[in-house]
Structure formats: C-alpha cells, structure tokens
Colleague: 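First the structure, then my questions, so here it is.
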Amino acid sequence: MIKMFNDLTKKKDEFIPLESGKVGMYVCGPTVYDYFHIGNARAFTMFDLIRRYLEYRGYDVTYVQNFTDIDDKMINRANDLGITVRELAERYIKEYFDDADALGIHRADHHPKATEHIVEIIDIVDRLVKKGYAYEMDGDVYFDAHKFDEYGKLSHQNLEELESGARVDVDERKHNPIDFALWKKQKPGEPAWESPWGMGRPGWHIECSAMASKYLGDTIDIHAGGADLVFPHHENEIAQSEAANGKPFANYWLHNGYLNIDGEKMSKSLGNFFTVRDIRKKYDPEVVRFFLMSAHYRNPLNFSEEQLISAKNGLDRLYTTLNNLEFAKESAKEDHPVTEDRVMEKINEHENHFIESMDDDFNTADAVSALFMFARDMNIFVKEGMTVKAIDRAVGKLKAWGDLLGILQRSGEESGVNPDVEALIEKRNQARKERNWAEADRIRAELSGMGITIEDTPQGTRIVSR
RNA sequence: GGCGACAUAGCCAAGCGGUAAGGCAGAGGACUGCAAAUCCUCUAUUCCCCGGUUCGAUUCCGGGUGUCGCCUCCA
C-alpha cells in the first residue's frame, strides 16, 4: 500500500487512484526563459522518481509536465535578447531537455505548451465568466475569488487572512486584491491572441487548469510541484478548475521542499542559484540526481559543493560494488561458497526494506540505505567467492534498483581495452613478480599520468575507471 | 500581522511510543610489497529547551527558543 503526504488533507493518505491500476499525474513545469536551476531540478527529478516508482508498482501512469511559454518573464527576456517569445521558448525547451535527459528524467507522456492551448484556455475562461465566477474589466478577465467558497483550502488560509497580508496591488480595478487574472489584455508589442474579450494572452494559472483537463480529465489523481506553488498558483488552479467543472480538480497534492543555499531558498529572484548546466561542467549529473534523493522530497535540502562531493563518494561506493562483482565473475567458479540462494536471501531482506520505504511517502533517503546495506553484503560475498549465477543475480538486482531510481546504469568497463595499457600492466606485473617495486611503482605512475588508475586485487590487476 | 514547516553526531540524513538506520568525513585494526578497494571496530549517554501524558517519549500533548518559508514572479 502506497501512502503519500497530501497537502490537501495535511496527512499521509493511502493512495487510491480514480481508476484501478491507472494514474493521471500533472507536474508544473518550467517557464522556458532560461536554463533551469538545481532547485527546479529537484522538483522535476523527484516527481520523475515518484512516477517511476508508481510504474514499478504496476500503475499505468500518464504523466504530464507543461512548459510555460508565455508570460511577463518570457516577454521581457525575449525583448532583452532581441528575439521573439517563440524563439526564446524554442531555445530553452531544447535546453530543458538537454539537462533533464542528463539528469535521467524520463520524458513526460505530454509536454503541453500554453501557447498551443489558447483555444482550451479561452474555453475555460469563457465558462467561468458565464457561470459568474469571473468578470471582465476593459479587456482583462479576473477570477472572483470570493465567489469560490472553498478558496484557500489547499494553503489552509481563508480569504481574510490572505488579503490582510496581500501587498499593495497597482491594479485598482479588481473587485478584491486576491482576485487574479485569467486573461490579460494585450499591451503594445506583446504577443496576443483573439478572444471574446479582445486581443490578449492567458494569465499564468489558467494554462495548467486547461491543459490538465485536456490530457487527464477534469479530476486528476496527482498534482505536483514545488512548495512555492501552493499559493497562489495551485490554490488558483483549484478555484478555476473546480468552479468551471464542478468536480474536484486533483485528489492528491504533492509538493517538494525547497533546495536551499546556505539555509536560504534558492530562486531566480534572489539570484543565488546554480543552473544545472553549470553544475554539469564539474559533476556528473548522476551525482546530482543521487544527491537530490539523499533527502526526503518534502524536506528542505541544502545544496553545497561539499554535499555534492559526499554524494559522489557515496555513489562511487555503489559503483565499486558493481565493479567488484563484475570483476569477480572472471574468476568465478561453480564450487564457490556463495550460491544464488544466498544472494536471493539478501535480496529479499533488502527489497522489503526498499519497498516499505518507498511506499511510505517515497522515502528515497531510507530506500537508498537498503542499497548500501546490500552493497556491503555483496562486498563480503565477493571475498568469500561467488558462483557466476550468484553474481548475475546480485548485479541484476543492484541495476534494477538503480534503474528504478535513475542511477547506476553506467557500465563498469566503459572504454575498450587499450593494447598499450595492457602491455604496461603486463610489464608491471612482471616487475612485481620479480619484486622490483621501484619499476612497478614507476609504471603505475606512468599509467596514472595517462589518466588510468589501477588496483591490485587477489584476482589480478584491474583498471578502475574513476 | 496571518499561516506553515523544520530542529537527530564533524557534515548530510532516516526513524516518529519500546530504548538511536544509512552515507560522507575521521581514528584504529585486518588484508596488501606499497597504494587503492574491501572488511571489522570506534565516533549521539540533554535526539533544541521546559513542562505534561505514559510502565516507558527522539517519537504524543502544551509552552518556549531558534532557523527557514508562504502571504509578490518563482520548483
């Protein structure tokens, strides 16, 4: 049984999909006006992981993640760069996929763009106007928050509380400060579409309501995004969708915690952010992914180079086990003491731990500890001596868990064997046989200079890739 | 001001009523020509503080303190 913390109910709820065996999941994607930062990466990565886990548990998941390709930020950035909004969007959607693919984030089933759903957006705004939930003011259309009784049910605040803290709004034409734009009248030079209210463009929140319904239906199982979207974005989505459709919008609302820098939220507005693109120059994206899953997705997580190094070393440990196993295969014998059965015992033991952790609100930090414990067991087994079947089992399982989490897919022996290197190793082994340590160390240093690290094991000398 | 989250070793981080997982870093040991890797051992006696409930609390309740966040574009 999978339990997930639902912000709507403020507790861990058992997950029961609308339709047995199927899950509709919508995740708020990036505004494509720049490279995305590591904070964005946390949301995309962790919800990708949750999706993978749901699939692993047998659900048929339809996953939707949008691109916001029209809003103030898009327009401003396009102007700064002297290109069209459309060109800007195309550029950064491409860059998004470049980084997301590197992080092992699976492609969504649908990646809808706001600008390609203007018809659907106008339709829902129109229905809201006709139902009396929205009003037009000189080409702008606003949602009247006071008309939606349940406004505030996600952020658990009432209108009065929200409005008392609201900052001064320049737009005096709104009925109430909390009202938000569904449709914005065109300003000179801005991209615009025809609508019943004249030329204009969609407000920010409405696109998600329109696209979620289109691809997943009026009620979806899971809606997810960063904690900063709870209010106003998700609150507004609920208001719009439920007012328009008269049905619950989403049954489970999942929000990931912030990624912090020195204990402070990382955000573009604060300027204290690191893009994934920059981090990739120095660290393997797999390390970044591993780092992100080292904490529970709902908790705040501090980002630092030190943590990244720690994650890299931890991940290396897992890879070492994988390499140890594969290397041991070359000298494996049928009469070795560790048989497939003994490996299976360990797998069962740790798999239960793994599943229980993931079932409990996707506790990746705890699930990963199962991998480490399994790795230790396998390291011990390698020393004892394993059969080929036992090794295959162990490698298969470790890779299967890794595949689920999006790590450990790199193969142990990446590059083909270089004959020169082979010769040098042979030469060094000869020197070692003759106990000519000076020569052996010299050759090791020479190899090291070529970027090759070697290790002497009881089974022979081998190349370690990292 | 309103609402909320979090506080566990040098660092990161699980656990959330039964006496503190895991990782990183560090120390010692085994193995090794050396190194690396691996294995073993060690590293939290206020789990922020003070009360309360309980046979028993890191875990539940109340009150503090501290940090962060939302109420403004933001994952």
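Per chain, numbering begins at 1; letters A, B, ... match sequence-line order.
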Colleague: Between Arg428(A) and Asp441(A), is there a side-chain N and carboxylate O pair less than 4.0 Å apart?
Modeller: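 No, this pair does not count.
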
Colleague: Test Val276(A) against Tyr35(A) for side chain to side chain contact (heavy atoms under 4.5 Å, CB included), laying out the working first.
Modeller: CA-CA 8 Å; Val276(A) 169; Tyr35(A) 294 108; over 6 Å; no

Colleague: Across the strands shown, which category fits Met266(A) at heavy-atom distances under 4.0 angstrom: base, sugar-phosphate, nothing?
Modeller: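 Base contact.
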
Colleague: So, Glu330(A) and Arg462(A), do they make that salt bridge, N to O below 4.0 Å?
Modeller: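 Looking at Arg462(A) together with Glu330(A), the answer is no, because their closest N to O distance does not fall below 4.0 Å.
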
Colleague: Could you tell me which residues satisfy side-chain contact (heavy atoms from CB on, under 4.5 Å) with Thr31(A), sequence neighbours excluded, listed by chain and number?
Modeller: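 Checked Thr31(A) against side-chain contact (heavy atoms from CB on, under 4.5 Å); matches are Tyr33(A), Thr68(A), Asp71(A), Lys73(A), Met74(A).
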
Colleague: At under 4.0 Å between heavy atoms, what does Asn379(A) touch on the DNA or RNA strands: base, sugar-phosphate, or nothing?
Modeller: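 Sugar-phosphate: the residue Asn379(A), judged by heavy atoms under 4.0 Å, touches backbone atoms but no base.
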
Colleague: For Lys265(A), report the nucleic acid contact type (base, sugar-phosphate, nothing); a contact means any heavy atom under 4.0 Å.
Modeller: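 Touches a base.
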
Colleague: Which nucleotide, in any strand shown, forms a Watson-Crick or G-U wobble pair with C42(B), with both distances under 3.5 Å?
Modeller: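 Partner of C42(B): G26(B).
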
Colleague: In residues 287-299 of chain A, which residues come under 4.0 Å of RNA chain B by heavy atom?
Modeller: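 Only Ser294(A), Ala295(A), His296(A), Asn299(A) qualify.
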
Colleague: Look through every strand shown and name the nucleotide pairing with C6(B) as Watson-Crick or G-U wobble, where both distances are under 3.5 Å.
Modeller: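 In the structure as shown, C6(B) has G66(B) as its Watson-Crick or wobble partner.
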
Colleague: Just name whichever nucleotide pairs with G17(B), Watson-Crick or G-U, keeping both distances under 3.5 Å, else none.
Modeller: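 When the pairing criteria are applied, nothing turns out to pair with G17(B), so the answer is none.
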
Colleague: Between Asp316(A) and Lys312(A), does any side-chain N to carboxylate O distance fall below 4.0 Å?
Modeller: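 Salt bridge: yes.
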
Colleague: Identify the nucleotide, in any strand shown, that forms a Watson-Crick or G-U wobble pair with C60(B), with both distances under 3.5 Å; if there is none, say none.
Modeller: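 The answer is G52(B), by the H-bond criterion.
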
Colleague: Identify whether any heavy atom of Asn40(A) sits under 4.0 Å from a base atom; if not, whether one sits that close to sugar-phosphate; answer base, sugar-phosphate or nothing.
Modeller: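 Base, at least one base atom sits under 4.0 Å.
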
Colleague: What nitrogen or oxygen pairs link the protein and nucleotides 32-36 of chain B at under 3.5 Å?
Modeller:
residue : atom : partner   : partner atom : Å
G33(B)  : O6   : Arg428(A) : NH2          : 3.2
G33(B)  : N1   : Asp441(A) : OD1          : 3.0
G33(B)  : N2   : Asp441(A) : OD1          : 3.3
G33(B)  : N2   : Asp441(A) : OD2          : 2.8
C34(B)  : O2   : Arg444(A) : NH2          : 2.4
C34(B)  : N3   : Arg444(A) : NH1          : 3.0
C34(B)  : N3   : Arg444(A) : NH2          : 3.3
C34(B)  : N4   : Asp456(A) : OD2          : 2.8
A35(B)  : N6   : Asp456(A) : O            : 3.0
A35(B)  : N1   : Asp456(A) : N            : 3.0
A35(B)  : N3   : Arg444(A) : NH1          : 3.2
A36(B)  : O2'  : Glu455(A) : OE2          : 3.1
A36(B)  : N1   : Asp456(A) : O            : 3.4

Colleague: Could you tell me which nucleotide pairs with A37(B) by Watson-Crick or G-U wobble geometry, both distances under 3.5 Å, or answer none if nothing does?
Modeller: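 The answer is none; no pair meets the criterion.
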
Colleague: So, is the end of the Arg42(A) side chain (NZ or CZ) under 6.0 Å from the ring centre of Tyr297(A) and within 45° of the ring's axis?
Modeller: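 No, cation not above the ring by the 6.0 Å, 45° rule.
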
Colleague: Salt-bridge test for Asp48(A) and Arg52(A): reply yes if a basic N is under 4.0 Å from a carboxylate O, no otherwise.
Modeller: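 Yes, charged N to carboxylate O under 4.0 Å.
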
Colleague: Parallel, tilted or perpendicular: which describes the rings of Phe67(A) and Phe97(A), with under 30° parallel and over 60° perpendicular?
Modeller: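 Phe67(A) and Phe97(A): perpendicular rings.
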
Colleague: Step by step, work out the side chain to side chain contact (heavy atoms under 4.5 Å, CB included) result for Phe362(A) and Arg298(A).
Modeller: CA-CA 10 Å; Phe362(A) 315 105; Arg298(A) 303 190 69 247; over 6 Å; no

Colleague: Could you state the atom-to-atom distance from CG of Leu325(A) to P of U38(B) in whole Å?
Modeller: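 So the CG-P distance, Leu325(A) to U38(B), works out to 13 Å.
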
